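Working notes, beginning with the structure itself.
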Protein chains: 2
Amino acid sequence: MDLGPLLTESDAKIVVVLLDGLGGYADSSGGTELEDASTPNLDALAAAGTSGRAEIVGPGITPGSGPGHLALFGYDPLEFELGRGALSAAGLDVQLLPGDVAARANLCALDGDGKIIDRRAGRIASPLAVPLVERLQEQISIDGVEVIIRHEREHRAMVMLRGDGLDPRVGDTDPQTTGVPPTRPAALDPAAERTARLFAELERQTHEILAGERANGILLRGFDTLEETPGFGDRYGLNAAAVATYPMYRGIARLLGMEVLRRPEDVQDQVALLRESYADHDYFFVHHKATDAAGEDGNRDAKIAAIEQIDAVIPDIMALDPDVVMVTGDHGTPPQMEAHSWHPVPVLLHAERGGRDSVTRFGESFASQGMLGLRRMSDIMPILLACAGRLKKYGA
Amino acid sequence: MDLGPLLTESDAKIVVVLLDGLGGYADSSGGTELEDASTPNLDALAAAGTSGRAEIVGPGITPGSGPGHLALFGYDPLEFELGRGALSAAGLDVQLLPGDVAARANLCALDGDGKIIDRRAGRIASPLAVPLVERLQEQISIDGVEVIIRHEREHRAMVMLRGDGLDPRVGDTDPQTTGVPPTRPAALDPAAERTARLFAELERQTHEILAGERANGILLRGFDTLEETPGFGDRYGLNAAAVATYPMYRGIARLLGMEVLRRPEDVQDQVALLRESYADHDYFFVHHKATDAAGEDGNRDAKIAAIEQIDAVIPDIMALDPDVVMVTGDHGTPPQMEAHSWHPVPVLLHAERGGRDSVTRFGESFASQGMLGLRRMSDIMPILLACAGRLKKYGA
C-alpha cells in the first residue's frame with residue numbers, strides 16, 4: 001500500500017545490517033551457516049527482540065542483487081526494477097544519469113576482413129585488458145557526446161554515452177557466433193537512429209585504436225538507460241545513508257537517492273563510519289559482502305567466519321542505542337549451491353515496540369518459530385517505520 | 001508471477017504423491033487421521049525434509065476437485081477454472097474436445113401433456129437407468145453433429161454434442177419445478193441459436209425413444225464447453241505423466257496435457273507403473289483416491305488405513321531416488337464432516353536443496369511447525385521447480 005499519507009516525523013534511528021546472501025539451508029550434514037556460526041551477540045539480540053523469515057520476490061524465486069535490495073528497501077521487486085545497465089554502471093562505481101545510454105561490451109578478436117575470430121579475445125586476462133580499455137577511454141572522441149568506458153573483468157567492459165537526445169533502443173552488435181563481422185548497431189526505433197550511428201562510430205574508432213592488438217574489436221549488448229525509481233528518502237521521509245564497501249551496493253543506494261558515505265576499509269571501519277555519521281541520518285544501510293562471496297565460493301567455513309565478523313561488531317552498533325535494528329539478508333547464497341537461492345532469509349528485529357518472542361538464537365530454523373512470521377521482504381519496511389514511530393493510524 | 005522467462009532445463013525428477021482429501025482436523029476425541037495413522041516411512045521423509053501447510057483456494061474456502069488439482073499443479077484456482085462440463089466429462093472418462101458442448105442431464109418423468117411429474121424420475125436406480133441411456137446413445141441421430149450420452153449415477157447423465165459451430169450459451173431446460181413442461185433450450189446469444197435447436201431436437205428424440213418408460217424425458221443444465229487451460233508441460237517445461245486410477249483425475253491430467261499412463265490396478269501397481277515409466281518423464285502425478293472416499297463415508301479407520309497404504313509404498317518410491325518428492329492433499333475430507341473441507345493440508349517436501357527442519361513426523365500439527373510455512377498451494381509449484389533446478393535467477 002502507499003505509505004505516503006501515513007508518514008509522520010520521528011527522531012528514531014533505524015539501522016539495517018544486511019549480510020549479503022545470508023540465507024542458507026540445512027541438510028543431512030548440518031545446519032545452515034548462520035545456525036552453526038557462533039553468534040552470541042546476534043543471539044542476545046534475537047532473544048531480546050523478535051524473529052521471522054522473509055521471501056524476496058516470491059516462493060521459489062531466486063533474486064538477483066537488484067530485486068534483493070529493492071525488497072529490503074520496501075520496493076516490491078515485481079513492481080520496481082533497477083535496469084541492468086544501471087546496475088552494471090553501479091557495479092563500476094559510475095553513476096548512470098537520466099539520458100545516458102550504457103551497454104555491456106566484450107573485447108573481441110577480429111581477422112583482417114573484420115570477421116570475428118574470438119568473441120571474448122581468448123578471455124584476455126585483466127592485466128592485459130585494462131591498458132587497452134584505458135587507451136580507448138583516452139583516445140575515442142565523438143562529436144556531441146561524452147564517452148565513458150570502464151573495464152570490468154577479463155574481456156568485459158562497460159561503454160556509456162552521455163549527451164542530449166540519446167535513445168537506448170539499439171540492437172545488440174554481438175552476432176553470438178564467429179566467422180562473421182560484428183552486427184551494425186541498428187536503431188530498433190526511428191528515435192534511436194542517431195544513437196545507433198554514434199555507437200557505430202565508437203566501434204569504428206575502437207577498431208582503429210586497437211589495430212594490431214590481440215583484442216582489436218568490441219561487441220555491444222544490452223543497451224540500457226536509467227529507469228527512474230522513486231527515491232527512498234521521498235518515499236519514506238527518511239534521511240538515509242549507505243555504509244557500503246562494494247561499488248554495486250554503493251551504486252544501488254545512490255540510484256535510490258541515499259547518501260553514500262565514504263568507502264569504508266573493513267567491517268570495523270564501517271562501524272566507525274556509522275558512529276561518525278550517526279547524528280546526520282535517521283536510516284543506515286550497512287552492507288556486508290563477505291557472506292555472499294563465501295557462499296558463491298562454496299566455502300562454508302568462510303561464510304560462517306563472515307557471519308561471526310558481523311556478530312563481533314554488534315555490541316559497537318548497539319552502543320549507539322539505535323531505536324530500530326534489523327539484521328537480515330537479501331537472498332540465500334548456500335555454499336552447497338555456490339549461487340544465489342530462493343530460500344527465505346532470516347530476519348531479526350530489535351526495537352522497543354517490535355515485541356519479544358521465545359526465539360533465543362538467530363538462524364533460519366529458530367526464526368521460523370518467531371513472531372514476525374514468514375513474509376515478503378518488501379512488507380518488512382513498513383514494520384520498521386512503525387517501530388520508529390513514523391506511521392500514523394490508518395482510518396478513523 | 002509468470003515463471004516462463006525463468007524456466008531452464010534440468011534432468012531432475014519430481015514425484016508428487018497426492019492423497020486425495022488428506023487433510024483433517026483434530027477434535028476432543030483425537031488427532032487427525034494422518035496424525036493418528038502409523039506412518040514410519042512418511043515420518044522418516046518428514047524428518048529428512050521440510051514440512052508446511054497449504055491452503056488451496058483461500059482461508060475458509062472448501063475446494064472442489066477442479067480447484068484442488070489446479071492449485072496442486074501451480075494454477076491459481078481464482079484465476080484458472082476447469083469448467084463443470086469438462087470435469088463431468090473427465091469423471092466419465094470422456095474427453096471434452098475444443099468446440100464440444102456438454103450438459104448435465106437428469107432423466108425425468110413427463111405426463112401425457114409433456115408436463116414434468118418428477119424431475120428425477122423417482123431417483124430411478126442405476127440398473128434401470130443404464131439401458132435407457134444406452135438406448136438413447138444408440139438411437140438418437142442429429143444431422144451434422146455427433147451425440148455422446150453417458151450414464152453417471154441414478155437419474156444423472158451427461159449429454160455432449162460434437163461438431164462445428166457449436167456454442168455453449170444455451171439456457172437450462174430444467175424449470176426446477178413440476179407441473180410445467182421442460183423449458184425450451186434458449187439461445188442466450190444469437191451465436192448459440194443453432195446449438196439450442198440441436199439440443200431441442202435431442203430432447204424431442206429422447207421423448208420419442210423413451211415413450212412409455214417411467215423415465216421418459218430429459219432435463220438439461222450447465223451447458224459448457226472446454227475452457228482451454230494452458231498446458232502443464234508448456235507452462236513449466238516438464239514432460240509430465242499421471243499415475244491415476246480414477247477417471248476424474250485421469251481426466252484432469254489429460255485436460256492439462258499430461259500423458260495419462262495405463263490405468264493401474266491398485267497402489268502396488270501404481271508404484272510398478274511409476275517404475276516402468278520413470279525414465280520417460282520428469283514429473284509424476286501419483287493420485288490416491290482411497291483417503292477421500294473414506295473421508296466422504298465418514299469412516300475414520302478406513303481413512304487411516306488408506307494413509308497407511310501409501311506409507312507402505314514410500315520406500316519403493318524412494319528407491320527410484322527422485323530428486324524432488326512432495327506428499328500432500330488437494331483438500332481436507334474430515335470423516336467428521338463426510339465432505340470436502342477448507343482446512344489447510346499438510347505438505348511434505350523432500351529434496352536435496354529443499355532444506356531440513358526440526359519436524360520429524362508427517363501430520364497437520366507437526367507440519368504447522370515446519371519451515372515451509374503456511375502457503376497457498378499454487379505457490380508450492382515454483383518451490384518444486386526451484387528444488388529441481390528449473391528456475392533461473394530473477395533480475396540482475
Side-chain angles (χ1 to χ4, degrees), chain A residues 23-32 35 52-53 55-71 76-78 80-88 90-91 104 222 224 248 252 331-332 334 336-337 339-344 346 364-369 373-375, chain B residues 1-8 14 44-45 47-55 71 74 76 236 324 326 347 349-360 366-396:
Chain A
Y25 62 87
D27 59 21
S28 55
S29 64
T32 70
E35 288 167 4
R53 293 179 303 150
E55 263 169 349
I56 311 304
V57 180
I61 308 300
T62 296
S65 296
H69 281 78
L70 283 171
D76 181 346
L78 293 176
F80 296 94
E81 192 185 354
L82 297 174
R84 281 178 177 277
L87 280 178
S88 270
R104 301 201 285 177
D224 197 12
M248 170 72 87
I252 290 174
H331 52 75
Q336 301 102 310
M337 289 175 62
H340 287 201
S341 86
W342 64 89
H343 302 87
E364 286 81 348
S365 61
F366 318 123
S368 75
Q369 305 302 309
L374 172 59
R375 297 174 177 278
Chain B
M1 64 178 291
D2 177 16
L3 300 179
L6 302 181
L7 292 176
T8 185
I14 302 173
L45 216 56
T50 182
S51 299
R53 291 177 304 151
E55 265 168 348
D76 181 345
Y236 303 118
V324 181
M326 176 168 74
V347 180
L349 170 65
H350 185 276
E352 190 185 329
R353 295 177 171 179
R356 182 178 53 78
D357 56 29
S358 61
V359 176
T360 57
F366 318 123
S368 75
Q369 305 301 309
M371 287 181 71
L372 264 186
L374 172 59
R375 298 175 177 278
R376 301 200 64 203
M377 180 61 94
S378 55
D379 284 341
I380 301 281
M381 186 72 205
I383 297 176
L384 301 187
L385 293 171
C387 288
R390 288 188 169 271
L391 292 180
K392 288 183 293 198
K393 189 161 70 174
Y394 177 81

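What you see is a predicted model; the values in this text were computed from it and never measured. Numbered from 1 within each chain, the chains take letters A, B, ... in sequence-line order.
- Side-chain contact between Met1(B) and Leu78(A) is present, with heavy atoms from C-beta onward closer than 4.5 Å.
- Ser341(A) is not listed as a side-chain neighbour of Arg353(B), based on a closest heavy-atom distance of 4.5 Å or more.
- A 4.5 Å side-chain heavy-atom check between Cys387(B) and Trp342(A) finds at least one atom pair inside the cut-off.
- Legend: side chain to side chain donor-acceptor pair (under 3.5 Å) pairs involving residues 372-384 of chain B, not counting sequence neighbours, sorted by first then second residue: Glu55(A)-Arg375(B), Asp76(B)-Arg376(B).
- Within the 4.5 Å cutoff, no side-chain heavy atoms of Thr62(A) are placed close to those of Leu391(B).
- Residues Asp357(B) and Ser365(A) fail the side-chain proximity criterion, which asks for heavy atoms closer than 4.5 Å.
- Heavy-atom distances place the side chain of Leu3(B), and not its backbone, under 4.5 Å from chain A.
- No part of Pro334(A) comes within reach of chain B, as not one of its non-hydrogen atoms sits under 4.5 angstrom from that chain.
- Interface residue Ser65(A): backbone and side-chain heavy atoms are both found under 4.5 Å from chain B.
- For Leu6(B), the part sitting under 4.5 Å from any heavy atom of chain A is the side chain, from C-beta outward, and nothing else.
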Please determine whether side chain to side chain contact (heavy atoms under 4.5 Å, CB included) holds for the pair Met371(B) and Arg53(A), giving the CA-CA distance in whole Å, both sets of side-chain angles, and the decisive distance to 0.1 Å. CA-CA 9 Å; Met371(B) 287 181 71; Arg53(A) 293 179 303 150; 3.7 Å; yes

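- At most 12 non-hydrogen atoms from other residues, nucleotides or ligands lie less than 6.0 angstrom from CD of Glu352(B).
- Residues Pro382(B) and Pro59(A) approach most closely at CB-O, 3.2 Å, considering heavy atoms.
- Between Pro67(A) and Tyr394(B), the closest side-chain pair of non-hydrogen atoms falls below 4.5 Å.
- Listed by chain and number, the residues in a side-chain hydrogen bond (donor to acceptor under 3.5 Å, both in side chains) with Ser368(A) amount to none (sequence neighbours excluded).
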